[in-house]
Amino acid sequence: MSGKVEVTKELLFERVKTYINEQDSLNMIEKAYNYAEKKHEGQYRKSGEPYFYHALNVGYILATLKGGPQTVSAGLLHDTMEDCGVCFEELKEEFDEEVAKLVEGVSKIGSLKFQDEKEYQAANHRKIFIAMAKDVRVIIIKLSDRLHNMRTLMYHTEEKQKKIASETLNVYAPIAHRLGLAEMKNELEDLSFMYLENEKYHEIANLLEAKKSEREEVIKKMIIDIDELLSDKNLIFRIFGRSKHIYSIYRKMEKKNRSFEEIYDLYAIRVITQTELNCYEILGHIHNKYRPVPKRLKDYIAVPKPNMYQSLHTSVLDHNGNLFEVQIRTEEMNDIAEMGVAAHWAYKEGKYNSKAEQKEIENKLGWFHDMIGLLDDLEQDHPTDLVDKIQKDIFEANVYAMTPKGRVIELPNGSTPLDFAYRVHTEVGHTAVGAIVNGAHVPLNTVLNTGDVVNIRTNKNTGPSEDWLKIVKSATARNKIKSYLTKKETEARAETIEKGEKLFSEELRKRNLDEKIYADKNKLESIYREFSSNNYNEFMYAVGNKSISLSQVLDRLTNTKSHAMDNEALTKLFQEKAKRRPRTVSEAGVIVEGIDSMMVNVAGCCMPVNGDEIVGFITRGSGIKVHRVQCPNIANETSRLIEVNWDDNGDYQYDSWLRIDATDRNYLISDIITLLSQYKITLNGINSEVMPDKLNVHIDIKIKVNNLQQLENVMTNLKKINSVVDVARRIR
Ligand code: MN
C-alpha cells in the first residue's frame, strides 16, 4: 500500500489480475477506468496533476486490498457523481445497481462536513459515518479516498492540512482500526501525525533512522536463529522483522511517560505458517529455546479480537537479554490482520457472492454499528449531549460480550463468564471450568465488559456447585444452577433409597424371612414412626445411609409376627392403619397431615410463600387458611390453629404484595418495572401514592414468585434502586 509507487493503468490491472480472472469482471473495471478518465477530463488537482490520477490511486488502493470488481470500479468512479454531475441512473445503466449504490454511498458521506473538529465530537462523527455508510464497502472506499488525500496533502495550506489531518486521526483512523485494516490505520495515523506534530514526528523518525542498522543486526540474528530452530521440524514457514509505526511509538511514549529508548528496546518478529496447529507447534519450539516473559502470551487464535484479528503473541528474551515480541499466525490470519474485513469480502465478490458474504460480515460487525461511539477504546470519547447520555444509559444497563465466532451475548451488567456460559448453552454452563477473556485466562467470577471476547473452557467431568450461586448475576443462570443442584440431590437421594432397599432385602434373606411379607409397604408402615421416619422413602433412606440399625428393625418386625397373627390379618391391620393417615396437599402446595380433602388456601392478608414459616387456621366453614406465623390476624388464636407444611416437591406460584418507600423522582416506576423484567418476575398490579409532603412516595406492587428465596432476592435488588428507601412485604 506504499504511497511511493507511480500508479498506471498497467499497474492497476497487474494488481487486479492477481486475484480476479473472470473476463466480465476485468471488462467492468476497464470500462470504469475509461469512463472516469473521460468524465474527469480537463479537471486538475492542486498538485497540477490530472484529477483522474486521484481516482486511479483510490482504485489501486482497493486492488491492494483485493477489492472485488464492483468495489474497484466504484473506487475509480467515486468522484464522478460529486464532481462531474453523473447521476445514479446513468451509473446504473452503464455499470450495475451495485456500483451505482456504492458510488452514491461514498458521495453522501463526502458531503458530510465535520466542521470545527473537537475531540469530543469525534465519537459522534464516527457514529454518523458508520450509520450513513450502511455497506461496509462504502466505508472502505471512503477510507481509501482519504488515504490518497492524506498522501497528497502537501499541496494544501497549513490550516487546511491540520484540519484534515485532525479529522483523519480522530474519525477515519479509528474506523480503519475497527474494521481491522491495520496497515491503512497505521499509514493514516503516521501521515496525520506528521501534519499535526511535525517536529515530534521528525524527532522520532530520525531516532528510528539512527538506530536502524544496529536494530537490523539484532533482528537479523534472531531471524537466523529461529529459522535454524524450526528448520528440521518439517514445518513450512517464513519469518520477518517488523517495524512499529511512528505514531504508535509516540503514543506509547506519551501514555507511559517513557523515553524513546525505553519504548523502542522491543524488537518485533513475525512468523507466518500454514495451519493453526503449526502456530502452536512453533510457539512451543520458541518457548523451549527462549525464556518467555510471564503473562505476555496472548492467544488470539482461540479468542479472536472483535475486529476478527487472530494471532499468537508472546514475548521472549534472547541470549543477550534483548526483548522480542513474536507474533505467530497463518497466511489467512495475516491477510485478515492486515486487511481486516476486506480480506473476507474481497475474494467473494469476484465469485459473485458479495451480498451473502457482506451480510455475514455485517452480522458479525452489526453490534459495532450500534455502538461505535459508545464503547470505543479511545480515551477521547466523552459524549457531551443529552441524547448520547441517554443512549449510554440504555447500553450500559447491559453488557454485550462475544463468543470467539462473533456471536453477541447480551447480559445484565456485572455478569461473569459463568452467566455467559449459561447464555450460550445450558450444557456449556454446567461443564464450565474456566474462561479466556480477550486472550487471557481469568477466573469464572471475573466481571465482563462490553466488547469482551469470551471463550469458555469446559470439562465434562465437573458440574455446578453451591458457590456458583454467588458468582452469577443473571436470573437464567441462577435458575439453571439451582435446578441442577436440586436434580443432583434428588438423584443422590434416590440412590440412597435404592441402597436401603437392597440392604433390607439382603438382611431378610440372611434371616430366611419371606420378602413378600416383610418387605410389604403396608406392613412396614406400622413401624416407620418408631424409627423417626414419616414414610417409606424416609425409612429406606435412613436404612441406606445406615442411620438406623437393620437388626433392630428386623427384631421389631419379627416381634410383631410373634403376636401370632396370620399373614392375612396382619396385612389387613396395616391397611387400616394406612387409611387412618390421610393428608391433603392444597393447590398452593400446603400439606395438612391427617385430614382428607380439606379446602386449604393461603391467607390474603399476609400472603405466605413457600419458605415462610406458616400455620393453618381452621375457619368456620371455609376450610383452612394458611398464615405466616407472624401475621397479626391470628396473634390471639390458639385452639383453631393446626400444623401445616410446605410441599417442596411441586411447582407452585405465589402472589405477593410489596410496599416500596422511596423519594419521588422521574423514571422511578420505569426503573422498578425494568428490574422486575430483568429478573423475569411477573407484575400483576401496581399502585402508587405520593405522600402529603410531595417528596416521598409509596409504590405497592403485586408480583408472582416461586418461593421465599426468589422473593427476598427481588426485594434486595429493589432496595438497590436509586432513591428507594425501603422495601417490605405487606400485611393487611
Ligand atoms: Mn476523492
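Start at 1 and go down the list; that is how both ligands and their atoms are numbered.
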What I want to find out is whether Glu331 reaches Arg238 closely enough, with some N-O distance under 4.0 Å, to be called a salt bridge.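 A salt bridge links Glu331 with Arg238.
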
Which atom name would you report as the N, O or S atom of Asp145 nearest the Mn ion (ligand 1)?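 The atom in question is OD1.
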
Which atom, among the N/O/S set of Asp79, is closest to the Mn ion (ligand 1)? OD2

Looking only at side chains, do Tyr155 and Glu49 share a donor and an acceptor under 3.5 Å apart?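 Result is no, nothing qualifies.
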
Under the ring-ring contact (aromatic ring centres under 6.0 Å, His included) test, which residues partner His202, sequence neighbours left out? none

Is the distance from the Mn ion (ligand 1) to the nearest N/O/S atom of His78 under 2.8 Å?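 Yes - counting backbone and side chain alike, His78 has an N, O or S atom under 2.8 Å.
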
Mind telling me whether His313 and Tyr309 have parallel, tilted or perpendicular rings, with 30° and 60° as the class edges?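 Taking His313 first and then Tyr309, their aromatic rings stand perpendicular (interplane angle over 60°).
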
